Amino acid sequence: MSKIFVPAKPSIYTETLDSLTARFKESGLPAFRATQVMEWLYGKRVDTFDAMTNVPVDLRNWLKTNYVIMPCESIHVHKSGDVTEKILFQLEDKQLIETVLIRYPQEGVGLEHSRKTVCISTQVGCAYACKFCASGLNGWKRDLLAAEIIAQLMHICRMEALGSQRNDGIPFDNIVVMGMGEPLSNYENVLHALTTLNADWGLKFGSRRITVSTSGLAPQIIRLSEEPVQFRLAISLHGATDEVRNQIMPINKRYPLDVLIPAVKQFTEKHGRMITLEFILIEDVNDSFDQAEKLGEIAADLHAHVNLIPYNTVEGLAWKRPNIRRQQKFADVVRSAGASVTIRKEKGDDISAACGQLKLRKENEIESLKANDLLTEA
Ligand code: SF4
């Protein structure tokens, strides 16, 4: 498969206000209409050109000839009892990606007013093969286009507006770039998408509420620190020494801790914001108190917050999470080094919320249907 996917017709989400204005001018169309089109896309979040009622019919037809709006289609929504929803999207080339909406119910507040985070994907599959992660199990297929990243959020905006009186507010509080794929290895498309979501002519979503999570691509972390729009950063650490991290994160052989930590330090010094160190707790792999001490030292040095995540079972892997007492004791040791630390309550275990699991399950179902001659190749 080609690394660069070229759609039959591009999504208009690919355009910025400047590029659409330039395209209109080149085509002899009124440039001011580009602002109107962006308002329909990101303000009113329409998914058809015909809904752009103050745009002349000729221009709408021109848009239809040259673009689509949505480059993907939602083919499955899986809800969990603890109010996590996973949306499976099919892309034009039949590849599957997943997006997760996580609600955080608060006491005394109805579900519709709960805090919400959307976790988006940036690649089809993943090449980095972190040992706890289902996304890497079938390898990397391709990078997502910027429009395919933006479309995941725009779909959630429309989905959440259904049944609501208003559809102009943004129905989530945070975006985490933590789904399928290593975002910093699809750097240009991810940055293009996040900049669009943040732009005044785009979704106007605050950059402080967007977190990019990386397995630890040190050169790209440095590059990200130099971008004009500053996003939050989370590092998938999962091991506080090279010996332990090598067992969980193959990327550590390319960018070991003595390369990664200085890159993160450069980011925090330039950026001035607290970063997060993600640490999945796996019994007898990385849950020793020696690891906790070293993790606490790294976090204190970086002024980072530590997010401990009890391991979420992945089909095909034998690892387990430590018991709650062990998790708490581990957190106490990290805290005693002067670092701030929380233990995350895993949401959506029953719908395979860990990244890549729903896609993997769906692909396995499709393969088994094909094996039984119940489905023909798309
Ligand atoms: S955790 Fe992220 S970088 Fe690692 S395999 Fe999964 S998707 Fe890829």
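Computed from a predicted structure; not experimentally measured. Residue numbers run from 1 in the order of the sequence given. Indexing begins at 1, ligand by ligand and atom by atom, following the structure's order.
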Ligand-residue contact atoms, ligand 1 with [X], heavy atoms, under 4.0 Å:
{"X": "Cys126", "result": "3 (S), 5 (S), 7 (S), 8 (Fe)"}
{"X": "Phe132", "result": "1 (S)"}
{"X": "Cys133", "result": "1 (S), 5 (S), 6 (Fe), 7 (S)"}

Is [X] salt-bridged to [Y], cutoff N-O under 4.0 Å?
{"X": "Asp332", "Y": "Arg335", "value": "yes"}
{"X": "Asp287", "Y": "Arg321", "value": "no"}
{"X": "Arg103", "Y": "Glu160", "value": "yes"}

With a heavy-atom distance limit of 4.0 Å, tell me whether Cys130 approaches ligand 1 through its side chain, its backbone, both, or neither.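 Both backbone and side chain.
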Ala129, portion touching ligand 1 at heavy-atom distance under 4.0 Å: backbone
Verdict with supporting geometry, Ser185 and Leu217, side-chain contact (heavy atoms from CB on, under 4.5 Å): CA-CA 8 Å; Ser185 87; Leu217 304 195; 3.9 Å; yes
Considering only heavy atoms from C-beta outward, does the side chain of Tyr187 approach that of Leu224 to under 4.5 Å?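 They are in side-chain contact.
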May I ask which of Gly181, Ser135, Ser236 has a heavy atom nearer to atom 2 (Fe) of ligand 1 than the others do?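 Comparing heavy atoms across Gly181, Ser135, Ser236, the nearest one to atom 2 (Fe) of ligand 1 lies in Gly181.
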